[in-house]
Amino acid sequence: MLDKTFNPQDVEKRIAAQWQASGAFACGNRPEAEAFSIVIPPPNVTGRLHIGHALNNSLQDILARFERMRGKDVLWQPGTDHAGIATQLIVERQLAERQMSRIGLGREKFLEEVWKWKAESGGAIVEQQHRLGASADWSRERFTMDEGLSRAVLKVFVELYKQGLIYKDKRLVNWDPRLQTAVSDLEVESLEIKGTLWHVKYPIEDSDRFITVATTRPETMLGDTAVAVHPDDERYRALVGKTAILPLTGRPIPIIADEYSDPEKGTGAVKITPGHDFNDFEVGKRHKLPLINIINKDGTLNNDVPAPYRGLSREAARKKIVADLEAAGLLEKSEPITHAVPHDEKTKTVVLEPFLTEQWYLNVQPLADKAIAAVEKGETKFVPENWANVYFGWLKNIRPWCISRQLWWGHQIPVWYGPAKEYRSSGGERASIFAEETQDAARKAAEDYYGRPVEFFSDEMEYKRAVSPYYQQPWPADWRIPLLREADVLDTWFSSALWPFSTLGWPDKAAELERYYPTNVLVTGFDIIFFWVARMMMMGIHFLGQVPFKTVLIHNRVLDEQGAKMSKTKGNVVDPITLIDEFGADALRFTLAQAAGQSRDMRIGPTRVEAGRNFATKLWNTSRFCEMNGCVTVPGFEPGRVRETVNQWIVAETAQAVADVTAAIEALRFNDAANAAYHFVYDIFCDWYVEITKPIFQSGSNAAQAETRATTAWARDQILKLLHPFMPFITEELWAATATTPRDSLLVVAHWPSIKAQGAEAASAEMHWVIELIKGVRSVRSEMNVPAGAKIPLVLTGADMIAKERMARNKDVIMTLARLTQADPADSIPKGSAQFVLGEAVVALPLGDVIDFAKERARLEKELKKTQGEIDRFDAKLLNEQFVAKAPEEVLAEQREKRTEAAALAARLGDAIGRLQN
RNA sequence: GGGCGGUUAGCUCAGCGGGAGAGCACUACCUUGACAUGGUAGGGGCCAUAGGUUCGAUCCCUAUACCGCCCACCA
C-alpha cells in the first residue's frame with residue numbers, strides 16, 4: 001500500500017541508485033538503434049548548481065529520457081570546466097587567508113593547491129546534478145583539463161599555429177590589473193559610472209594661448225603624445241601643426257588633425273594617448289605617434305612618468321594630477337558626467353585598462369565565415385530562430401580572439417622559445433618559436449633547427465641567465481640551447497570550444513566520434529552564444545568538417561520571482577537544491593519545464609515550485625486510488641478492444657495526450673509538453689475518468705469492473721511513461737510500487753507509448769454529453785445554493801433517443817456525481833424546476849420549495865442575454881455582404897452552424913423562462 | 001548610436017487572422033472512502049496607444065509610449 005503522501009527525500013536517493021546500478025544511462029548498449037547525443041554545457045568544476053543550470057539540465061534530461069524511452073542509443077555527455085580565472089581566483093583568496101600567495105608558492109606548488117581544491121570541491125556540482133536526476137552517462141564524465149581533452153587542446157593549438165591562424169601580436173588588450181592578465185573583448189562589461197569631465201588647458205608652444213582638452217581620465221595625460229582636432233573644425237584650424245606643451249611633464253606634443261576627433265564632444269580637441277586608449281592607439285598608428293606606456297602590470301604608474309607620480313595607483317594619480325593642474329591654473333573647469341567604464345565581467349568591480357602587451361591571438365575570421373555559412377545553409381538550426389541573428393551579428397563583425405591569459409590554472413600554451421639561431425641577429429633572447437604538442441616534439445624540432453642538443457627551462461629568469469652570456473657571441477661548442485616554455489595559459493573558452501568532439505575521443509579515431517558526432521541538440525542559454533556556441537561551431541567545422549550540433553535550443557533566462565536578475569551580491573539567488581529539499585526534484589523539474597516557454601525570461605521561486613509539488617501529490621494519490629481499487633497492469637491488455645464507453649473514451653483521450661506530448665517534445669516546446677501532460681492527468685484522468693469509474697467499482701457488473709480495472713491500470717501506466725521525462729523519480733517509484741508482479745524493466749528504459757485509437761468518436765461524444773450534464777447540474781446547484789449534501793431529482797425533457805440512451809446507460813454515474821435521487825426522462829417539466837439546456841434537451845431540476853424563483857429567473861435571463869448577444873454578433877456578420885462574399889466557405893458554414901445552435905439555445909432558454917412564470 | 005525582445009485576468013505566462021486561456025492568487029460552499037499538498041461552483045480582461053491592411057485584427061503592417069536585453073561608445 002502506498003503511503004498517504006509522496007516523500008521525495010526518501011525516494012530520490014534510492015531511485016537514483018537503482019538507475020546507476022542498472023546502467024540505463026550508459027550509451028552504446030543499443031548498437032542497432034539510432035544514436036541521439038547531447039553534450040552538457042560543462043559547469044565550473046568548483047562551482048555550485050544554480051537555478052539556470054537546473055533549467056538547462058532539466059531540459060536536456062527530458063530529451064535524453066524521452067529519446068531513450070523511444071529506443072534510441074542516447075549519449076548525454078557530462079563533464080565540467082576548469083574555469084581558469086574563477087577557479088584561480090578562489091584558490092588565491094584561500095591562500096591569502098592562510099597568509100600565503102600564489103607568487104610565494106611558485107607555479108608548481110600553486111597548481112598543486114588548485115588541484116587539491118578541485119578534488120575537494122569538484123564533486124559538489126556533479127552531486128547536485130545527480131540530485132536533479134540528470135540521466136547523463138556518468139561513466140563518461142570529462143573535465144576540460146583531463147589528459148585526453150588536454151591533448152585535443154594542444155593539437156588544436158599547434159595545428160592552428162601551423163596554419164598561420166594563431167599568432168603573437170603586440171597591441172592594446174583589456175588588462176585586468178588585479179589578476180594581471182589579459183582578458184578578451186567578451187569578458188569586458190561596460191558599466192555606467194558617475195565621473196567627472198575635466199577640462200585641461202595645454203599651453204601652446206611659443207605663445208600665451210592654450211588648447212583645452214576634456215578628459216575623464218586626467219592621469220593618462222602623462223602618456224599623451226598628441227592633441228587631435230577635427231580637420232574641418234574652424235575653431236582649431238590655425239592650431240594644427242603647432243605644438244602643445246604637455247602640462248606637468250613639459251613634453252612637447254603635436255596638434256594634429258584627425259577625423260576621429262568629434263567637434264561635438266568635449267571641447268572638440270581631444271588628447272591622444274596611444275598607450276592607454278583603443279581609439280587613440282589607432283590615431284597614433286595613423287600619425288606615427290610615439291606610444292608611451294605609463295602604467296605597470298598592477299595598474300600603478302611606472303617610471304616613465306615624472307617622479308612625483310611614480311608608484312601611485314591610478315586613482316591616487318588622478319587625484320594628484322587634478323590638484324596639480326588646478327594649482328598650476330591649468331584646470332579650466334570640471335563637470336559631473338555619467339559615462340561607460342570597462343569593468344571585468346566576472347566581478348564587475350575591477351576597472352580594466354587598455355594596456356600594451358604581447359599576446360597570442362587567433363584569427364577567427366576564416367573560421368567565422370564557415371560558421372556563418374553553416375547556419376545559413378541550415379546545417380545547424382537555432383530554436384527559436386531569431387537567436388541566429390545574434391549569432392550572425394557577432395560573427396560578421398568578429399575580431400581576432402585574444403586567447404592567452406597570464407594565469408597559471410589552465411592549458412599552458414605548447415610553445416617553446418629559443419634564442420636566435422644567428423646569434424649576431426638582434427632578436428633578443430626569445431627569437432625562435434617551437435609550437436609542438438609535446439616537449440619531446442619540441443626538443444626534436446629545436447634540435448633539428450639548431451643542430452645542437454637543447455635544455456628546457458620553465459623559469460624565465462633562469463633561462464635569461466643561461467642565454468644572456470652568449471648574445472652577440474659565438475656559442476660554446478658544448479653549449480645546450482636553452483628553451484623556455486611559454487608561461488601563459490589559454491582562455492578557458494578555448495578548451496570549451498572543443499567540447500563536442502574532445503569529449504568523444506578526438507583527436508584519436510574514436511568510435512564514439514563516428515557514432516555521436518555531430519550531436520543532435522545543444523541546449524543552452526543566450527548569454528553564451530558568443531562565448532561558447534559560436535566558438536564550438538567554428539572549431540567543430542574547422543577540425544571535423546561538420547557542425548558540432550544540428551539544433552541549438554536557446555532556453556529562457558531564469559529571473560527571481562520579482563523579475564530581477566539573480567546575483568550573489570543582490571542575495572536573490574534561488575538555490576535549486578533548497579527547492580529540491582523542500583518540494584522534491586520532480587516538482588522543480590516539472591515547474592521548470594512548464595515555465596520554459598517562448599519568452600526570453602522566466603521567473604521562478606518557491607510559490608511556483610509548490611504548485612509543481614502539488615501536482616506530484618495529485619499523481620501520487622490518483623495512483624493510490626488505482627491501487628485501492630485493485631487496478632493492476634494486465635499483461636497483454638489491448639486498449640483497442642475495450643467495450644465500456646468510458647473505457648473507450650479514456651483510451652482515446654490517452655492516445656491524444658500521448659500524441660500531444662510527443663509532438664511538443666519533438667518540437668522542443670517543453671511548456672506545451674508539460675501542460676499537455678498536466679491537462680490530461682488532472683482535467684481528464686483525475687477529474688473525470690477516476691470519478692466516473694467509482695460507481696462502476698461499487699456496483700458495476702463483474703465484466704465491467706474487470707475491464708475498468710485493467711483500463712485504469714493501463715491508463716495509469718501510460719501516464720507514468722508520459723510524465724517520466726519530466727518527473728523521473730516519482731514515476732519510477734510508482735512504476736514499481738503499483739505492480740503486483742515485477743515489471744519487465746525499470747521505467748527509465750520502458751517503451752514510450754504509441755497508441756492507435758480509432759472508432760471512439762461515439763464513446764467520446766457520449767462522455768462529453770455526460771460530463772456536460774453533470775457540470776450543468778453542479779452549476780445550477782451551486783447557484784441555487786442547494787446544500788452540497790442534499791440530493792435532488794432530475795428529469796430530462798425534449799430529449800431525442802440518443803440522449804435518452806446516454807442517460808440510461810450512465811445513470812449511476814450521473815446520479816452519483818451530480819448527487820441526484822433520480823435521473824429519468826419525462827414528457828413535461830415539473831413545476832418549480834430549475835432548468836438548463838443541454839443540446840436538444842432541457843434538463844429540469846424540480847427543487848420544489850427550495851427554489852428561489854427570482855434567482856432562477858435572473859440566472860436564466862443572464863444566460864439568455866449572453867446567448868442573445870452572441871446571436872447578434874453572428875447576425876452582424878452573416879448579414880454583412882462582404883463577409884458572405886469573401887469569407888471562406890468553411891468559415892461561413894461554421895458561423896451559420898454556431899448561429900443556429902445559439903438560436904436554439906436561446907429558444908429553449910426563453911421557453912424555460914416562460915414556464916417559470918406559470 | 002545599432003540591433004533584438006516584451007506590453008493579454010491582481011501576479012506569472014500561453015495563444016498569434018474567424019466567439020479571450022492556464023497556473024497561482026481571490027470569493028462562496030464542501031472534512032463526499034485517492035488526494036485539504038484536496039473538491040465543486042464562481043468573479044475578474046475596450047489583449048499598451050494611434051493609424052493602416054482585411055469581409056473580419058489580441059494576432060499582420062506602420063508609428064508612438066513604456067519596460068528589458070545585447071552590441072558599439074571611456075573627450
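For the numbers below, each heavy atom of this structure counts, side chains included, while hydrogens, waters and symmetry mates do not. Quick caveat: nothing in here was measured; it's all calculated off a predicted structure. Naming: A, B, ... by sequence-line order, numbering from 1 per chain.
Annotation: of the two residues near RNA chain B, A:Glu901 and A:Gln882, the 5′-most nearest-nucleotide partner is A:Glu901. Of the two residues near RNA chain B, A:Val884 and A:Asp672, the one whose nearest nucleotide lies more 5' is A:Asp672.
A:Val213 comes within contact range of no nucleotide atom at all, as no heavy-atom separation falls under 4.0 Å. When heavy atoms are screened at a 4.0 angstrom cut-off, A:Arg399 is found touching the sugar-phosphate backbone but no base atom. Contact annotation for A:Arg600: base contact, defined as any heavy-atom pair under 4.0 Å involving a base atom. Using a 4.0 Å heavy-atom distance criterion, A:Asn389 is classed as making no nucleic acid contact. No engagement by A:Asn397 is indicated, since no non-hydrogen atom pair under 4.0 Å with the nucleic acid exists. Using a 4.0 Å heavy-atom criterion, one finds that A:Gln598 contacts the sugar-phosphate atoms exclusively. Looking at heavy-atom distances under 4.0 Å, A:Lys271 makes no contact with the nucleic acid at all. Within 4.0 Å of A:Leu2, counting heavy atoms only, lies no atom of the nucleic acid at all. Residue contacts shown for A:Ser190 include a base, since a base heavy atom lies under 4.0 Å away. Among the atoms of the strands shown, none is found under 4.0 Å from any heavy atom of A:Cys626.
Comparing B:C55 with B:C13, their P atoms sit 37 Å apart, to the nearest whole Å. Comparing B:G3 with B:G38, their C1' atoms are spaced 50 Å from each other, to the whole Å. Going from the P atom of B:G44 to that of B:U64 covers 37 Å, rounded to whole Å. Separating the C1' atom of B:C66 from that of B:A50 is a span of 15 Å, rounded to the nearest Å. Between the C1' atoms of B:A20 and B:G45, the separation comes to 8 Å (whole Å). Here the separation of B:C61 from B:U7, taken at their P atoms, is 14 Å to the nearest Å. Comparing the same atom, P, in B:U32 and in B:U40 gives a spacing of 14 Å after rounding to whole Å. A gap of 30 Å separates the C1' atoms of B:C4 and B:A75, to the nearest Å.
Atom P of nucleotide B:U37 and atom CG of A:Leu579 are separated by 19 Å, given to the nearest angstrom. Rounded to a whole Å, the CG atom of A:Leu559 is 8 Å from the P atom of B:C13. Put simply, CG on A:Asp601 is 14 Å from P on B:G5, counting in whole angstrom units. Straight-line distance from the CE atom of A:Met602 to the C1' atom of B:C69: 16 Å, rounded to whole Å. Atom-to-atom, CZ of A:Phe392 to P of B:G2 comes out at 23 Å; the value is rounded to the nearest Å.
Taking 3.5 Å as the limit, the base of B:U37 and the side chain of A:Arg613 contain a donor-acceptor pair of atoms between them.
Formation of a donor-acceptor pair under 3.5 Å by the A:Arg608 side chain with backbone atoms of A:Leu592 is not found in this model. With hydrogens and angles ignored, the 3.5 Å screen pairs a side-chain donor or acceptor of A:His276 with a backbone N or O of A:Ile294. Using a distance-only test at 3.5 Å, with no hydrogens or angles considered, no donor-acceptor pair links the side chain of A:Asn785 to the main chain of A:Arg781. For the pair A:Asp233 (side chain) and A:Arg235 (backbone), a donor-acceptor distance under 3.5 Å is present. One N or O on the side chain of A:Asn880 and one on the backbone of A:Gln882 form a donor-acceptor pair closer than 3.5 Å. Formation of a donor-acceptor pair under 3.5 Å by the A:Asp586 side chain with backbone atoms of A:Phe729 is found in this model.
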(message) Test salt bridge (charged side-chain N to carboxylate O under 4.0 Å, His left out) on A:Glu901 and A:Lys898; report intermediate values, then the result.
(response) CA-CA 5 Å; A:Glu901 280 171 19; A:Lys898 283 180 177 171; over 6 Å; no
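Distance from the side chain of A:Lys898 is smallest to B:G19 among B:U37, B:G18, B:G19. The side chain of A:Arg669 lies closest to B:G15, out of B:G15, B:C69, B:A75. The A:Gln895 side chain lies nearest to B:G19 when the options are B:A75, B:G68, B:G19. Nearest nucleotide to the A:Thr216 side chain, out of B:C55, B:A75, B:A34: B:A75. The side chain of A:Lys877 sits closest to B:G19 out of B:G19, B:A34, B:U37. Of the candidate nucleotides B:G5, B:C70, B:A75, B:C70 has the atom lying nearest to any side-chain atom of A:Phe530. Out of B:G19, B:C55, B:C4, the shortest distance to the side chain of A:Lys886 is found at B:C55. Ranking B:U12, B:U37, B:A75 by closeness to the A:Arg608 side chain, first place goes to B:U12. For A:Ala340, the side-chain atoms get nearest to B:C73 when compared with the rest of B:A36, B:G68, B:C73. Ranking B:G19, B:C35, B:C30 by closeness to the A:Glu870 side chain, first place goes to B:G19.
Every stem involving RNA chain B, taken as at least 3 paired positions in a row under the Watson-Crick or G-U wobble test at 3.5 Å, is listed here: B:1-7 with B:65-71, B:10-13 with B:21-24, B:26-30 with B:38-42, B:48-52 with B:60-64.
In this model, a donor atom of one side chain and an acceptor atom of the other lie less than 3.5 Å apart for A:Glu332 and A:Thr212. For the 3.5 Å distance criterion, the side chains of A:Ser699 and A:Asp812 qualify, holding a donor opposite an acceptor.
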Distances under 3.5 Å only, N/O to N/O: pair up the protein atoms with those of nucleotides 40-44 of chain B.
unit_1	atom_1	unit_2	atom_2	d
B:A41	O3'	A:Ser779	OG	3.3
B:A41	O2'	A:Ser782	OG	2.9
B:G42	OP1	A:Ser779	OG	2.7

Each nucleotide N or O in nucleotides 22-26 of chain B that has a protein N or O under 3.5 Å away: list the pair and distance.
none

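Looking at every heavy atom in both residues, A:Ala593 comes nearest to A:Phe726 through CB-CD2, 3.8 Å. Across all their heavy atoms, A:Leu723 and A:Ala677 have their closest contact at CD2-CB, 3.7 Å.
Evaluation of the salt bridge (charged side-chain N to carboxylate O under 4.0 Å, His left out) rule for A:Asp660 yields no partner, not counting sequence neighbours. Listed by chain and residue number, A:Glu561 satisfy the side-chain hydrogen bond (donor to acceptor under 3.5 Å, both in side chains) test with A:Thr607 (two or more places apart in sequence, or in another chain). Contacts of A:Phe210 classified as side-chain contact (heavy atoms from CB on, under 4.5 Å), with partners at least two apart in sequence or in another chain: A:Lys201, A:Pro203, A:Leu330.
Between A:Phe355 and A:Trp175, the angle of the ring planes lies from 30° to 60°, which puts this pair in the tilted group. By the 30° and 60° cut-offs, the orientation of the rings of A:Trp387 relative to A:Phe526 is parallel.
Taking 4.0 angstrom as the limit, A:Lys694 places a side-chain polar atom (N or O) nearer than this to OP1 or OP2 of B:A34. A:Arg603 has a side-chain polar atom (N or O) that falls below the 4.0 Å cut-off from OP1 or OP2 of B:C13. Between A:Lys866 and B:G19, a side-chain N or O to OP1/OP2 separation shorter than 4.0 Å is absent.
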